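Some notes on the structure that comes next.
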2 protein chains.
Amino acid sequence: MTTEEKIFNAARIVFQKKGFAGARMQEIADEAGINKAMLHYCFKNKQQLFQAVFMKAFSQLAPQINTIFNSEKTVFEKIHQFTQEYIDFVIRNPFLPQFIIQEMNNNPEFVMSILNHENRPHPAVLMAQIEQEIEQGIIKPLNPKQLLLNIFSMTVFPFAAQTMVKGILRINDAEFNQMMEERKTIIAQDIINSIKK
Amino acid sequence: MTTEEKIFNAARIVFQKKGFAGARMQEIADEAGINKAMLHYCFKNKQQLFQAVFMKAFSQLAPQINTIFNSEKTVFEKIHQFTQEYIDFVIRNPFLPQFIIQEMNNNPEFVMSILNHENRPHPAVLMAQIEQEIEQGIIKPLNPKQLLLNIFSMTVFPFAAQTMVKGILRINDAEFNQMMEERKTIIAQDIINSIKK
DNA sequence: ATTTGGTTTAACTATTTGGTTAACAAAGAT
DNA sequence: ATCTTTGTTAACCAAATAGTTAAACCAAAT
């Protein structure tokens, strides 16, 4: 692993845990096992290092979403596939949702500025398809945006609010992961149940 | 408005926007329109000021939840009441969810230490009731924790991830608020639809 | 062997930032 | 009137933290 990779990984860990403002360059250097000056040798400054980490994170999420949303399948199939694959992905990257949400809220302008057309989720196709299937009588009449929001809410929230969820439901890491595994199949059924005609 | 109140309100605004780590005492002083030394005159330090703000925030949320969850109504009624009143409350305090979630994730030990028995949500009663109604054949067999998680996800997530939601769905503040108004009735129906036998 | 280029470090600097101090002012209390 | 308490400020301090520099290191090329 190159030094740059070591730094990047360390930065990912620290930024995801503490956020941009809470992260310390020294802590990242320690985590990477190198000198602090190396951070500035490989990445100009904290902002740019953060930007690299954030864009990588976001560009892992978005294309996956778009691939599913814009495929040739039915809405129900897409819901199944999305909840399955997305939860699968987030189980492997449990800090991503909270990280992205936090930074988007704390620093909307900065985040918006680094999001290009490629790495942005595009729900337009899926939304049109939902309206179509409503007309065809497959789906109950509803606001497609609300449905989309429901899908995201059910899949992403438990991870975004992980600590609170564990605290309120009084479950530990193992039970949490087990619940998320369960959720991979439950959610799609619940959502489809509530919208099919 | 007393100086202490001015400080507290300013602190609430700044902390909710930037989080604990990102907030600056100077910014809070400016927001309050007073000298920075006054902050330390009224509140010992940043931590304590933050603690005051956070506890107030949390102790506004939790009792409300408990009152609904532990009332004498049916599960369906509770779901209706909760989504209605909770979204109503959060519309008036749109930064609270993200604020609480963020700080719980960034600083779990600290947050847990300031949460006492009073201001903590207790879903035990509702969970037992759900199991009971499952046995009575009112609700489909399911894991009560998953249902609870669904309810929270659907109501809280849109606010917690506000910036991202607006960005992805390409809606402005007005449209967002309108969607949330809609949601007050939609969500309960969706959830009940998906779990009633 | 020596040079040369990128890599890495220790030590340093500049700035930000939470917190303190001492002086000042306004309002009650004696 | 004078003293005491409370509220308020400007100026200051010390610690933390992002960022710089110059020297050392080291591998490959000459």
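Naming: A, B, ... by sequence-line order, numbering from 1 per chain. It should be emphasised that the depicted structure is a prediction, and the values quoted were computed from it without experimental measurement.
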Exercise for the section: Identify, with sequence neighbours excluded, every residue that meets side-chain hydrogen bond (donor to acceptor under 3.5 Å, both in side chains) alongside Gln51(B). Expected result: none
Problem - Leading and trailing nucleotides of DNA chain D with any atom under 4.0 Å from heavy atoms of chain A - result: dT17(D) to dT21(D)
Problem - Pairs flagged by salt bridge (charged side-chain N to carboxylate O under 4.0 Å, His left out) wherever residues 32-46 of chain B is involved - sequence neighbours left out - result: none
Handout entry: Heavy-atom protein contacts under 4.0 Å, nucleotides 7-23 of chain C, coded B base, S sugar-phosphate only, - none
Key = BBBB------SBBBB--
Handout entry: side chain to side chain donor-acceptor pair (under 3.5 Å) pairs, two or more places apart, involving residues 6-24 of chain A
Key = Asn9(A)-Arg12(A), Lys18(A)-Glu27(A)
Please list, one pair per line, the donor and acceptor atoms closer than 3.5 Å that link side chains of residues 155-170 of chain A to other protein atoms, with sequence neighbours excluded.
residue   : atom : partner   : partner atom : Å
Thr155(A) : OG1  : Ile151(A) : O            : 2.9
Thr155(A) : OG1  : Phe152(A) : O            : 3.2
Gln162(A) : OE1  : Lys166(A) : NZ           : 3.3
Gln162(A) : NE2  : Pro94(A)  : O            : 3.2
Gln162(A) : NE2  : Phe159(A) : O            : 3.3
Thr163(A) : OG1  : Asn105(B) : OD1          : 2.5
Lys166(A) : NZ   : Asp173(A) : OD1          : 3.2

Problem - ring-ring contact (aromatic ring centres under 6.0 Å, His included) pairs, two or more places apart, involving residues 11-30 of chain A - result: Phe15(A)-Phe50(A), Phe20(A)-Phe50(A)
Problem - Inter- and intrachain pairs under salt bridge (charged side-chain N to carboxylate O under 4.0 Å, His left out), touching residues 76-97 of chain A, at least two apart - result: Asp88(A)-Lys184(A)
Problem - Any residue meeting ring-ring contact (aromatic ring centres under 6.0 Å, His included) with Phe43(A), in chain and number order, not counting sequence neighbours - result: none
Practice task
Extract the stems that DNA chain D is part of, considering only consecutive pairing runs of at least three Watson-Crick or G-U wobble pairs, both distances under 3.5 Å.
Solution key: C:1-30 with D:1-30
Completion exercise
Those residues at least two apart in sequence (or on a different chain) that pass side-chain hydrogen bond (donor to acceptor under 3.5 Å, both in side chains) with Asn93(A) are none
Completion exercise
Contacts of Asn45(B) meeting side-chain hydrogen bond (donor to acceptor under 3.5 Å, both in side chains) (sequence neighbours excluded), chain-then-number -> none
Problem - Main-chain N/O of Val75(B) paired to Glu133(B) side chain as donor or acceptor, under 3.5 Å - result: yes
